[in-house]
Structure formats: C-alpha cells, structure tokens
Amino acid sequence: MNRFKDSEHLLRVVGVFLVGVTLFLCLRAWFVPKSFGEFGHYRGDSLAEIAALPIIHAGHETCETCHTDVLEVKKAGKHANVNCEACHGPQAKHADDPGSVKPLLPDTSVLCARCHEASSAKPKWFPAVITAEHSMGMPCNTCHTSHSPKIQGDKK
Amino acid sequence: MHLNFIYPNESELQWSILIVLYPFLTGLVAGAFILASLERVFQVAAVKPTYRLALLTALAFLLVAPLPLQLHLGHPERSLEMYLTPHRSSAMAMFGFVYLWYLMVVLLLEIWLDYRRDIVLLSRSSTGFLRVIYKIMTLGSDNISERSLHLDERVGWIITVIGIPSAFLLHGYVGFIFGSIKANPWWNSPLMPVVFIFSAMVSGIAAVMLLYMLLTKLRGFKIDIACVDTIAKYLFYIFIIDFSLEMLDLIHRIYEADESFRSLDFMVHTSLWIPHVIIQILLGTLVPIGILGATQVLPLAEHMRKKLYVIAGSLTMIGIFAMRWNVVIGGQLFSKSLLGYTTYTLHLGSREGLGTAIFLTILPLGILYVLVKLLPPWQHESLSLN
C-alpha cells in the first residue's frame with residue numbers, strides 16, 4: 001500500500017473515470033432500444049410499427065368516385081394535377097364514412113399562400129403573387145374558384 | 001440567364017448567429033489552451049502569470065460552447081442520442097466524443113492536477129458549504145507531499161502534451177465540418193481546418209491577454225508588462241501566419257477561379273463587402289497586425305504599449321468574430337445554383353436571435369468569475385502551507 005501512498009489521488013481519478021464510463025455503458029444499455037441496428041442505423045421495430053399505422057390519405061381516385069362534380073370543374077383548370085388532399089388534408093375517414101365524418105372546408109387566405117406566395121426560390125413559370133398586395137386581405141376565393149382558379153374573362 | 005434564382009431550401013438561412021458563435025467560442029477555448037500549453041511545454045516563464053487564467057478561460061468557454069448548438073436544435077434533448085447511438089460516418093456525431101475527451105480528459109484533469117495543492121489547502125482553511133465543495137474536489141485525498149506534487153507535475157505535463165493535439169482536433173473539427181462540405185464552394189477547402197486552428201489561437205491569445213489586463217486592473221494590481229509583451233509578441237507572429245494562410249486560400253481561389261468564382265466574387269463585393277473586406281480583413285486583421293508590429297519595432301513607453309495592446313486585442317476579437325460570421329452566414333447567402341442570393345435577417349428576441357447570442361457571450365465571463373473566485377489563478381499570492 002505504501003508504494004501507492006503518493007499516487008493514491010491519481011488512482012482516485014482513474015476510479016472516477018471508470019465509474020463514469022461504467023455509468024455511461026449502463027445508461028447506453030438501458031436507453032438504446034433492443035432492435036436498434038437490426039437493419040441499419042435505426043430501430044428495427046419501427047418498420048413494423050410504421051407499417052401498422054392507419055392509412056389517413058384516401059387518394060384522389062377515391063374522392064373522385066363520389067365527387068364527380070368537383071372533378072369535372074377541377075379537370076378544366078390549372079389545378080387539375082393538384083391532389084384533393086393536398087388542399088383538403090388527409091380524408092380517409094371521411095371517404096370511408098361520409099355520412100358521419102364531414103371535412104372542414106379549408107380557409108383560402110391561409111391555404112393558397114402556401115403554394116402561391118411569391119419567393120425567389122420559385123421557378124419563374126409558376127404563378128405566384130405577393131398575397132398581401134394581391135388579395136388586399138380578402139380570402140382568395142372571393143375572386144377565384146378554388147377548384148379551377150382562373151378568373152373568367154381573364155385573357156391570360 | 002435568370003438572376004436571383006435560388007433553390008427552395010435556400011430561401012431561409014438554417015444556420016443562424018448561434019452557429020456563428022459556436023466556432024467563435026470553441027476557438028477561444030482552443031486558443032486559450034494552446035497559450036497555456038506554450039508556457040508548460042516550452043517553459044516560457046514570462047507568460048506564467050496567465051497560465052492558470054488561460055486554463056480557466058478555456059474551461060469557462062468550453063462549458064458554454066455546446067449551448068448555442070443546443071439552442072439551435074428544435075429538440076435539444078435529442079442531442080444526447082449522439083452519444084448513445086453515434087453514427088461513425090458522421091463527423092458531427094463523433095464531435096460529442098471529441099468534446100467530452102477534451103473537457104474531461106484534458107482540461108478538467110489538467111486544471112485539477114495544477115490546482116490540487118491549492119484545493120487541498122483551501123479545503124483545510126475554508127468553512128461551511130465551500131469546504132464541502134473543496135473536499136469533493138480533492139476526491140478525498142489530502143496528500144500534498146513533495147513526491148505527490150512532483151507526480152502531479154509529471155502527469156500534468158503528459159496531459160498537456162496530449163492536450164495540444166486534442167485542442168487542434170477540437171477546433172480543427174469545427175473547420176473540418178465546413179471544409180468538408182463539397183456542395184458549398186465558399187466552405188469547401190482543405191485549408192479550412194488549418195485556418196480555423198490558427199484563427200482560434202489568435203482569438204484565444206487575444207482574449208486571455210485582454211482578460212489578464214482587465215482582471216489585474218480590476219483587482220488593483222500591477223500588470224506584469226513583460227508577460228503582456230510576450231503574449232503580444234506571440235499574438236503578432238501567429239496572426240501573421242493566420243493572415244498568410246487566409247490570403248493563400250484567397251489567392252488560390254482567385255487563381256483557380258472555378259465555376260463558383262463569379263458568384264462568390266459578386267457576393268464579396270456586395271453583401272459581404274462590409275463584414276468581410278472592411279471588418280474582417282481591414283479592421284480586424286491588418287490594423288491589429290500593424291499595431292502589434294509597431295509595438296515590436298518602435299520604442300514605445302509602457303503605458304502606450306498597454307493601450308495599443310488593448311486596442312489591437314479588441315480589434316482582433318472583432319475580426320475573428322467577423323471571420324466566423326463570414327464563413328457561416330456568408331456560406332449561406334448565395335445559391336448553389338450560383339445564380340442567386342438571399343439575405344439574413346438577424347432578429348433580436350427570437351430563440352436564435354441577437355439577444356441569445358449576447359447572453360451566450362456574457363455567460364462564459366460569468367462562469368469565469370465563479371471559477372476565479374473558487375480557484376484563484378493568481379500564483380504569486382497563492383496560499384502558503386500552514
């Protein structure tokens with residue numbers, strides 16, 4: 001013991017480090033999920049968990065089977081390729097049971113700006129406006145119809 | 001050609017002023033530590049009065065260095081996952097370990113070994129709560145025999161020698177993070193880590209010099225002019241190397257003039273003109289180098305030299321901060337399309353705003369205050385054996 005008399009404090013430091021490393025390894029064993037790294041740098045179980053999640057989007061073909069009127073209008077305008085649920089949000093529940101689940105209608109003053117707000121990141125050909133100046137605070141559907149937005153009589 | 005075409009993910013800058021602050025703070029850590037190591041490894045007696053102060057400064061800034069990153073994250077608690085499940089192919093993920101290594105193995109250990117005698121003496125002389133703190137810091141050993149202190153000295157030397165490459169690694173990493181981003185021509189350069197290390201040394205040395213002068217003044221003691229002269233001399237030499245490296249990088253870019261050059265050149269002449277050319281290069285580099293050079297060659301009186309050191313040191317800090325700013329913010333102001341530019345709006349009160357940045361810059365000084373109270377770095381007045 002005498003041999004270590006003057007280096008005892010250093011051994012204590014080593015001790016503190018060993019305790020720290022052990023604690024870290026214990027925490028790691030405790031926190032890292034069992035299936036981590038099974039297939040890659042993620043939790044293996046997450047694949048099954050995600051696959052089991054309920055489907056929330058119905059897809060536009062489903063909507064179109066019932067809302068043929070909307071489809072007709074939409075097909076004619078520039079929103080033809082914009083999906084129903086891009087504007088209406090996920091509506092699988094409604095599509096399954098339209099009688100009891102009725103979607104809320106989107107607020108156009110928020111919705112349209114999401115795609116049409118002018119920004120230098122947008123390609124030149126994409127129709128964009130500075131909404132505050134363009135609509136003067138009015139909801140966009142005061143003038144545009146949402147499903148076919150071109151304004152009638154507009155020569156452009 | 002359309003001008004001002006940028007990609008959608010570029011219209012908003014993701015890396016804010018906090019990410020500017022982060023390399024600035026780690027740079028101070030690495031720089032202060034390297035100054036301390038100079039004294040220890042090369043036995044430069046003149047800078048001895050700043051040895052301990054430099055170590056405590058490094059610690060204070062190191063403790064705060066990860067905070068800007070944490071505040072930048074939407075989910076700061078998730079950053080701990082980088083320790084639990086590190087991805088070895090990601091430099092950012094490995095940084096956690098570089099940080100821990102540097103904090104725990106290098107800095108804390110070196111400070112502890114250097115202060116052990118004082119800690120033991122303080123644990124004997126203090127009372128109450130402080131006594132408990134000091135007792136804990138002794139790790140329960142109150143052996144301060146000649147031989148044990150001699151052992152501390154030797155182990156401390158080894159730690160310092162390991163510490164120098166570690167400090168280089170710590171800050172080299174920060175440069176590497178930028179330098180290794182192939183997609184960004186403003187950052188992508190193998191010189192980046194080297195430039196970062198040298199600018200870190202410059203800022204760390206300047207910071208310790210200023211802190212030493214300020215604290216000595218505040219305590220009503222006389223500034224050791226030989227010490228400040230030596231530090232200023234180092235600052236001068238290292239600044240010249242740093243500046244040469246940065247100019248080398250610049251000349252290389254101008255000569256190479258690759259496809260990104262026109263875009264970057266335009267940026268330097270417009271949005272970066274003030275922060276890069278005026279503040280970083282002119283005010284923050286050439287002027288302090290000029291002043292420091294003058295103090296080297298002209299026979300100036302002591303009080304004059306002190307004043308010039310304060311001016312040069314302060315300008316240096318501004319210059320190095322501007323350098324971090326120009327790297328981090330500058331690298332996000334132009335589009336990868338090389339056809340467009342964005343702007344950065346600095347908010348005052350937001351989570352990543354100016355207020356937070358100022359707070360995070362002052363916080364290390366607060367920590368340093370506590371550290372200096374707890375572990376007085378002034379050796380000539382240190383406690384005697386009772």
Side-chain angles (χ1 to χ4, degrees), chain A residues 1-47 49 82 86 113-132, chain B residues 1-12 77 80-81 83-90 93 96-97 100-101 103-105 108-110 112-113 116-117 119-120 136-152 154-156 158-159 335-337 339-343:
Chain A
M1 197 57 224
N2 235 359
R3 264 185 52 175
F4 293 113
K5 200 177 110 240
D6 287 322
S7 52
E8 184 223 340
H9 61 284
L10 294 175
L11 296 178
R12 283 176 191 256
V13 175
V14 175
V16 169
F17 272 88
L18 287 181
V19 170
V21 171
T22 318
L23 201 68
F24 172 73
L25 292 176
C26 292
L27 283 175
R28 189 163 188 270
W30 171 266
F31 276 120
V32 177
K34 289 285 157 292
S35 68
F36 187 88
E38 204 178 324
F39 308 113
H41 200 75
Y42 58 90
R43 206 160 46 84
D45 288 352
S46 62
L47 290 182
E49 280 167 28
V82 181
R114 209 181 285 160
C115 294
H116 288 291
E117 188 68 66
S119 132
S120 52
K122 281 177 187 153
K124 290 278 172 284
W125 56 265
F126 188 81
V129 292
I130 299 168
T131 50
Chain B
M1 185 171 59
H2 338 245
L3 258 174
N4 215 25
F5 177 75
I6 65 170
Y7 294 117
N9 60 343
E10 296 172 332
S11 56
E12 224 174 284
E77 79 285 357
L80 292 175
E81 289 175 19
Y83 290 106
L84 299 175
T85 52
H87 207 304
R88 267 162 297 151
S89 66
S90 155
F97 294 98
L100 270 195
W101 163 269
L103 175 67
M104 304 304 293
V105 181
L108 278 185
L109 211 53
E110 178 159 343
W112 186 74
L113 288 169
R116 213 175 59 79
R117 175 172 165 275
I119 294 174
V120 170
I136 294 173
M137 284 203 277
T138 62
L139 296 183
S141 150
D142 99 356
N143 182 358
I144 44 171
S145 64
E146 276 301 317
R147 214 175 86 85
S148 72
L149 291 179
H150 179 66
L151 212 61
D152 287 352
R154 288 231 310 264
V155 176
I158 296 172
I159 302 268
S335 170
K336 308 309 170 282
S337 68
L339 293 172
Y341 303 88
T342 32
T343 46

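In the text below, chain A, chain B and the rest are named by the order of the sequence lines, each starting its count at 1.
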How close do A/D6 and B/S145 get, heavy atom to heavy atom, and via which atoms?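 Taking A/D6 first and B/S145 second, the nearest heavy atoms are OD1-OG, 2.7 Å.
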
Closest non-hydrogen atom pair, B/F97 against A/F24: CE2-CZ, 4.5 Å

Looking at B/R116, B/E81, B/E10, which has the largest count of heavy-atom pairs under 4.5 Å with chain A? B/R116

Heavy-atom contact with chain A under 4.5 Å, split by part of [X]:
X      : result
B/L113 : side chain
B/L80  : neither
B/V155 : side chain

For atom [atom1] of [X], is the number of surrounding heavy atoms from other residues, nucleotides or ligands below 6.0 Å larger than 12?
X      : atom1 : result
A/E49  : CD    : yes
B/E12  : CD    : no
A/I130 : CD1   : no

Value rounded to 0.5 Å, distance of [atom1] in [X] from [atom2] in [Y]:
X      : Y      : atom1 : atom2 : answer
A/R12  : B/S141 : CZ    : OG    : 5.5 Å
A/L10  : B/L139 : CG    : CG    : 10.0 Å
B/L151 : A/H9   : CG    : NE2   : 6.0 Å

Just distance, no hydrogens or angles: give the donor-acceptor pairs under 3.5 Å from side chains in residues 26-34 of chain A, sequence neighbours left out.
{"residue": "A/R28", "atom": "NE", "partner": "B/L84", "partner atom": "O", "Å": "2.5"}
{"residue": "A/R28", "atom": "NH2", "partner": "B/L84", "partner atom": "O", "Å": "2.9"}

Donor-acceptor pair, A/H41 side chain versus B/T85 backbone, under 3.5 Å?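 Side chain of A/H41 to backbone of B/T85, a donor-acceptor pair under 3.5 Å: yes, one is there.
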
